[in-house]
4 protein chains.
Amino acid sequence: MRLTEVKTQRAFEAISSQITERIRRGDLRAGDRLPNERELAQAFAVSRHAVREALRSMESVGLLHLRKGATGGVFVSGGRPEAVAEAMRGMFYVGGISLAELTEARLEIETAVLRLVCGRLDEAGLALLEDNVAAAERATEAGDNGAKVTLNIRFHELLATLTGNTVLVVVMKALLDILREFAQRVGPVTEMDVIASRRRLLRHLRAGRQDSAVAELVRSLRAVHRHYLGALKGRGAAAPGMPGP
Amino acid sequence: MRLTEVKTQRAFEAISSQITERIRRGDLRAGDRLPNERELAQAFAVSRHAVREALRSMESVGLLHLRKGATGGVFVSGGRPEAVAEAMRGMFYVGGISLAELTEARLEIETAVLRLVCGRLDEAGLALLEDNVAAAERATEAGDNGAKVTLNIRFHELLATLTGNTVLVVVMKALLDILREFAQRVGPVTEMDVIASRRRLLRHLRAGRQDSAVAELVRSLRAVHRHYLGALKGRGAAAPGMPGP
Amino acid sequence: MRLTEVKTQRAFEAISSQITERIRRGDLRAGDRLPNERELAQAFAVSRHAVREALRSMESVGLLHLRKGATGGVFVSGGRPEAVAEAMRGMFYVGGISLAELTEARLEIETAVLRLVCGRLDEAGLALLEDNVAAAERATEAGDNGAKVTLNIRFHELLATLTGNTVLVVVMKALLDILREFAQRVGPVTEMDVIASRRRLLRHLRAGRQDSAVAELVRSLRAVHRHYLGALKGRGAAAPGMPGP
Amino acid sequence: MRLTEVKTQRAFEAISSQITERIRRGDLRAGDRLPNERELAQAFAVSRHAVREALRSMESVGLLHLRKGATGGVFVSGGRPEAVAEAMRGMFYVGGISLAELTEARLEIETAVLRLVCGRLDEAGLALLEDNVAAAERATEAGDNGAKVTLNIRFHELLATLTGNTVLVVVMKALLDILREFAQRVGPVTEMDVIASRRRLLRHLRAGRQDSAVAELVRSLRAVHRHYLGALKGRGAAAPGMPGP
DNA sequence: GTGGTCTAGACCACT
DNA sequence: GTGGTCTAGACCACT
């Protein structure tokens, strides 16, 4: 007799996979409301507690959304891009992703992003980028490092957004999310003029010179990443783990 | 008057952010064991239940791992790449990511992957790829469609792995994870000979012809993606939501 | 591992601390009008109910004042000294403050008050005190015990007021507020002539004999307090808790 | 016909005064549990909202305590000394209490406190004070200003505690609570050696020289208060309102 | 011994 | 009125 390994599924897992499957099949769509906790507990013949653990874990991966109050309840989420970022962050904290890998991946993906953008950029998109650079310049002159970092990261997010591709946006945001902490602690890159580089990049974009634009971006990112890696090494420790506050 | 939105923090969120922060700072590292649930509840001055919800959500994003039994306990995870895939999948199910975006992003990222690989490929890597293609060929001849799909997807994962960059591996796996379901249901691409295309790709790689390799990959992926998109359209509905089982 | 107690903030607390902070910083001053409840609810992104609870608790500690009607609204209070008295009363009812502690503290603080007053008393102030004593004498002769008690307590408040120091006024009022209940129920002190003692006190004050004035006050207060404590003991029970109506 | 002004009592006030009255009479004592919200609403024939507002305001003045969970409910509080401090703070923020009044009142009350302590101080109490001064000295040497401020304030609280009189403790804490913010922002007093002054004070206490002890305390407090008042004036604005963060 | 599950009951929040 | 959040304490299942 062939016996298959028994895999005890925890109660909450059985619940969450059942709900997930219904979402996957399209029976449940974004915005749909599930029965309340008490009813779910009854339907699954488990305690409310087990239901809550299941809902909680589905909430944390962005499939559900729990809302309190009279109009509250359990809803199928409309997507939670931060869930991807959080999971990626976990990989960085404990999963053996090094800063070097992170920056390399970012360089490759952002290069691809920029190539896509070149073919789709219109006047409105260019204006957004130019506004960002102008604001970053003002922040730099005002010595407002916090605003400067935020605006610089925003520039890269903008590029991703201009591809019109949500997947690339989500992935880029996840990577930038982790790099943001470095940027804020490591302080400004001194060996190059970021604003001037951005200006050159925008000129290339406006003129449709894709290869020059990519080259400019690569040069700039390489400098920034060298800066991060140097700072990390300077601290000696902590290949895994981020610099403390 | 400037008033900011009130954000009440739930107990389990306060707990998980406190633990996450200690992981981020490097105080807790992969493999470390946390106090048990009862002790955590006492330390945080909350119920065990609140602790469990926090642990559960951290487990689902891949930061912790819970193990039952006498030698069990709560451990800092060594990374859970599937967490990224799950979160991405959530975005696809409910978050408005279309198949078109998914395939476009995949094309761009895999192209970048291939370029990286070209510069680093050694004999061992090439052998792995060739073995994969050989096995896929046998599966095709044997008419074993399941094995064929698995091996084809494995080919793309192999490419990512050969970059040596975990971030790219994780991202590619997340994308392939979603595409796998399509591949299995849509059936084999008929308008092209995948095995032949792979062979050409490997020849280019072996000869160091990066641009030709990329061109071959792009051509192949475009065909596959057209195939998926066509199948989806054929079904009429369900831009969001996957075809049922 | 160092873990700190989790403190979840309730919605109404988040609201009240945000408004309190703006008052503390001086952004909001006495008399200023806040947006109405509906607007506040919108600004904080909570229900009107949560806003009301926050406003209510701030009203009860004397930071806000809610006024009904067409010209009504939520206003920053100009101070509510009774709030201190109420909180102190709470400590007496349930917080383990004994009558003995209360009377001791009162003796010490009122002594300090009298010393301050000695240095600042002018003719107008003396006249106020003398008027009070005269009125108390008339009430005593008329056998109007209620008026007598009120006027006697008023005498002590007057002393505090004559320091010109609001803090001392508020603290003294808080203590007298609690003692008033005793005075009204315990009935008049019989072992001494309060009016005569007051007259001596005023003569010392007029003559600038600070130490004699203080001695007279102390003697008088001690007698009264003995009276209270004796009455309480007579009832047997209720160190905490007040004698019933 | 004599008509008395109509005073519409709001629903929540009627509720809270009814409960307060029962506490005052001793029917309800610290630790007692009240019926739950729904039952109270029914008993008072009002909405649960009105009940909640009443409970909330009684919680903020320290008469009740609300606890969540299975063993939760509405309980008569065992006293909340911070309620007095909060109310006093409100008076300072908006009620026209000036820093000058605050420091004067503190000087008077703490002087009275010290006099009381002189008559009751035992070896254990002296040891507590000496330990505090020693710790403050270490913090000063280590340049840890935060710890220094905390320890210095703690010294004054200790003095109050050593009177054994809860009223004085509560009042002193209320005053110190407001002064703490100044101490932290204004920075250390430079014109005098606080530690040396404390040492002299303790020597006087140990030797039973009450007047010298008081004189030393007064001198020290005057210097500190001058420091605060000078800093406030330096800022130009904000007699009401505290210096911003 | 530790995570997993369960129960009953209460506050918290929203409309 | 409805539903989410939290609590205390118990037993079960696994190693």
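Labels below follow one simple rule: chain letters A, B, ... track the order of the sequence lines, proteins then strands, and each chain is numbered from 1. Values below: all heavy atoms of this structure, side chains included; hydrogens, waters and symmetry mates excluded.
When heavy atoms are screened at a 4.0 angstrom cut-off, B/Glu53 is found touching no nucleic acid atom at all. Across all strands, B/His65 comes closer than 4.0 Å to no nucleic acid atom at all (heavy-atom distances).
A salt bridge is defined here as a Lys NZ or Arg NE, NH1 or NH2 lying under 4.0 Å from an Asp or Glu carboxylate O, and A/Glu86 with A/Arg89 fails to meet this definition. Between B/Arg24 and A/Glu181 there is a salt bridge, since at least one side-chain N of the basic residue sits less than 4.0 Å from a carboxylate O of the acidic one. Comment: C/Glu59 engages C/Arg56 in a salt bridge, judged by a side-chain N to carboxylate O separation of less than 4.0 angstrom.
For the pair A/Arg56 and F/dG4, the criterion of a side-chain N or O lying under 4.0 Å from OP1 or OP2 is not met. One finds a side-chain N or O of D/Arg33 lying less than 4.0 angstrom from the OP1 or OP2 phosphate oxygen of E/dA10. Distances shorter than 4.0 Å separate none of the side-chain N or O atoms of D/Arg67 from OP1 or OP2 on F/dC6. The phosphate of E/dC12 has OP1 or OP2 within less than 4.0 Å of a side-chain N or O from D/Arg52.
The CD atom of C/Glu13 sits 16 Å away from the P atom of E/dC11 (whole-angstrom rounding). At whole-Å resolution of the value, CZ in A/Phe44 and C1' in E/dC6 are 17 Å apart. We find that CD of C/Gln9 is positioned 16 Å from C1' of F/dT5, with the value rounded to whole Å. Here the C1' atom of nucleotide F/dC14 and the NZ atom of B/Lys68 are 6 Å apart, to the nearest Å. A straight line from CG of B/Asn36 to C1' of E/dT2 spans 7 Å, rounded to a whole angstrom. Counting to the nearest Å, the C1' atom of E/dT5 and the CZ atom of A/Phe12 are 12 Å from each other. One can place CD of D/Glu59 at 15 Å from C1' of E/dA10, the figure rounded to the nearest angstrom. Distance, D/Gln42 CD to E/dA10 P: 14 Å, rounded to whole Å.
Positionally, the nearest nucleotide of DNA chain F for A/Pro35 lies more toward the 5' end than for the other of B/Ala70 and A/Pro35. Across the interface with DNA chain E, nearest-nucleotide mapping of A/Ala45 and D/Leu34 shows A/Ala45 to be the residue nearer the 5′ end.
Look at E/dC14: its Watson-Crick or wobble partner, with both distances under 3.5 angstrom, is F/dG1.
Nearest to the side-chain atoms of A/Glu37 among the listed nucleotides F/dT5, E/dT15, E/dG1 stands F/dT5. Each of F/dC11, E/dC6, E/dC14 was ranked by its minimum atom distance to the side chain of B/Arg38; first place goes to F/dC11. Closest to the B/Leu66 side chain, of the nucleotides E/dG4, E/dC14, E/dT2, is E/dG4.
Atom CD1 of A/Ile23 sits about 5.0 Å away from atom CG of A/Leu64, to the nearest 0.5 Å.
The main-chain N or O of D/Gly72 is found under 3.5 Å from a side-chain atom of D/Arg33 such that the two form a donor-acceptor pair. The closest donor-acceptor contact from the side chain of A/Arg80 to the backbone of A/Ser60 lies under 3.5 Å.
Counting atom types as modelled, B/Arg48 pairs no side-chain N or O with a base atom of E/dT2 as donor and acceptor under 3.5 Å.
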